[in-house]
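Working notes, beginning with the structure itself.
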Amino acid sequence: MSFPLLTATAALPAIGAIATAAVPAAKRTAAKWLALLFSLATLALAITVLVRFDPDGDRYQLTESHSWIADFSVRYELGVDGIAVALIALTALLIPFIVLAGWHDADPLETGSRRWRPTQGFFALILAVEAMVIISFEATDVFLFYIFFEAMLIPMYFLIGGFGDRAHKDGEEKAATQRSYAAVKFLLYNLAGGLIMLAAVIGLYVVAGNFSLTEIAQARANGELEMATSTERWLFLGFFFAFAVKAPLWPLHTWLPNAMQESTAPVAVLITAVVDKVGTFAMLRFCLQLFPEASKWATPVILVLAVISIIYGALLAVGQRDIKRLIAYASISHFGFIVMGIFAMTSQGQSGATLYMVNHGISTAVLMLIAGFLISRRGSRLIADFGGVQKVAPVLAGTFLIGGLATLSLPGLAPFVSEFLVLVGTFTRYPVIGIIATFGIVLAALYTLVLYQRTMTGPVKPEVAAMPDLRVREIAVVAPLVVLLVFLGVYPKPVTDIVNPAVKQTLSDVQQKDPQPEVEAAK
């Protein structure tokens, strides 16, 4: 039997979570190093998956299949295509930086009546989320995917509610109340989406007789499985609703700003750069493959929702006074671009959307982690409490600027390529949608540059005059991510070569081809 590489990649962080949680309470530093070690080992396995994957080979590779619940045809089935490989690599890459960035975020408080949960629990929960996200990218059994799609809500709930941001001026009691509100709102929104999806999963089993993605998709392609039009549309809506909540897509987005505002910066990165990607990934893997006709039927409405997300998120980001909420609304705008690229039904749009998932994860990690370092120094999230930081902490200000420029998709940085592909791919089929979406770029420049101007430039405020610059650990967190932003901005080919074959197969599932350009005959 060949080595179960995909199982090992998901199981290793789960084992790390258990081992980290078992470290004695007095050994907090040992728990941190153990979590970092397991995250690096998981990254090594993810790189092995990346190396062994052949973009020109079978659609799903490194497959594993074992009977699990035979009476209901549930199988433990794993397999990765190019899109899943890219997102597994992104997840495994970001977790070590999240662990390093949160090195002191769960240390016990010396003052105050409320005690923080054990440091070991914080890092164990991060590794648990990583394990569940990775297996969600690998699962090709719909029921198996659903279990971990929902299970990841549990550790995320405790990370938001139990280890929230300490930059509160209203006292620990009110801060705890706000954290609890954000955590419960996150949980309720995602549970509602998950329950609706569960009904759709059961409906799919009634129609298909099994949960295997590959078998159902193949049977549909061969005409061996017929679905009534109304049945397919209802099942599609059940799946899409859950993914749109996770994505998050307007108007199901309102949990995200609260969750990111009340979380520590590393956990906020975990939410938007890792967990939320499961929603957009699942749109590609499950919605388009299982329900191709319904996907085309719903496309006009989904594109309108995506454009609203782009403009609405950017407009609200412009007016924010809280740094974390600004970044949260910016992410809502960016996820609008991703969803728009997916449902543009063109190779450029879907390649751009997949590349956007990767690039957004890196750029958001840079911006949010630097924002976290900035907030921890000042003890405030309010933009108005900063000013002149670049004069006292030039390295911090410089990396913050790079993260901001990546967020507004400056040419030469990674998000530009993906955003350009999404807009081109959308414009070729839906020109009006593409034109409206470009206004999001203008608004992105506005909220990013205003944020930088108000926090980093101008007179040095007395409260930031003694602010230290980035320390060695903090530079080790952001420097590799900045290098990646520049590298993928100049040379995105390593990622596009992996995802393009999978994108072509997805387009084939929905029986779509790229529109041919109209060229007037020469007179």
Side-chain angles (χ1 to χ4, degrees), residues 8-46 91-135 151-152 154-168 172 175-176 179-180 183 262-271 274-275 365 368-369 372-373 375-377 379 468 470-480:
T9 306
L12 189 59
I15 296 170
I18 297 170
T20 302
V23 173
K27 303 290 186 180
R28 292 192 301 273
T29 302
K32 297 174 184 179
W33 282 106
L34 187 63
L36 181 61
L37 177 64
F38 270 97
S39 67
L40 291 172
T42 304
L43 176 59
L45 285 180
T91 301
L93 172 71
L94 290 180
I95 296 300
F97 296 115
I98 289 172
V99 170
L100 270 177
W103 204 252
H104 299 297
D105 285 356
D107 289 348
L109 289 176
E110 296 180 0
T111 59
S113 59
R114 181 179 174 85
R115 305 300 297 176
W116 294 80
R117 294 179 186 275
T119 303
Q120 290 86 334
F122 178 75
F123 294 99
L125 290 170
I126 290 174
L127 292 177
V129 172
E130 179 182 22
M132 294 176 186
V133 169
I134 288 176
I135 202 167
M152 69 179 72
I154 300 171
M156 285 306 310
Y157 169 81
F158 288 109
L159 282 170
I160 297 169
F163 300 93
D165 187 7
R166 297 179 180 182
H168 278 274
E172 177 59 23
R179 285 196 297 270
S180 297
E262 298 303 327
S263 300
T264 64
V267 172
V269 172
L270 189 65
I271 294 169
V274 177
V275 172
M368 180 57 83
L369 293 178
F373 299 150
I375 291 167
S376 66
R377 284 159 165 75
L470 290 184
R471 302 178 178 90
V472 173
R473 172 181 60 86
E474 295 166 337
I475 292 175
V477 169
V478 298

side-chain contact (heavy atoms from CB on, under 4.5 Å) evaluation trace for S39 with L127: CA-CA 7 Å; S39 67; L127 292 177; 4.3 Å; yes
F122 and V267: CA distance, side-chain angles, deciding distance, side-chain contact (heavy atoms from CB on, under 4.5 Å) verdict: CA-CA 10 Å; F122 178 75; V267 172; 3.7 Å; yes
Among residues at least two apart in sequence or on other chains, which ones pass side chain to side chain contact (heavy atoms under 4.5 Å, CB included) with [X]?
{"X": "P468", "value": "R377, R471"}
{"X": "L40", "value": "L36, P96"}
{"X": "F97", "value": "L93, V477, P480, L481"}
{"X": "I475", "value": "L470, A479"}

side-chain contact (heavy atoms from CB on, under 4.5 Å) between L270 and M156, worked out: CA-CA 9 Å; L270 189 65; M156 285 306 310; 3.7 Å; yes
Smallest separation among heavy atoms of P155 and M132, with atom names: CG-SD, 4.2 Å
Closest heavy-atom pair and its distance - L94, A365: CD2-CB, 3.9 Å
Inter-residue atom distance T264.OG1 - M368.CE, 0.5 Å rounding: 9.5 Å
Under 3.5 Å, which donor-acceptor pairs link side chains of residues 8-31 to any protein atom two or more places apart or in another chain?
| unit_1 | atom_1 | unit_2 | atom_2 | d |
| --- | --- | --- | --- | --- |
| T9 | OG1 | L5 | O | 2.8 |
| T20 | OG1 | G16 | O | 2.7 |

Residue list, salt bridge (charged side-chain N to carboxylate O under 4.0 Å, His left out) with R473, at least two apart or on another chain: none
Derivation and outcome, side-chain contact (heavy atoms from CB on, under 4.5 Å), residues W103 and W33: CA-CA 9 Å; W103 204 252; W33 282 106; 3.7 Å; yes
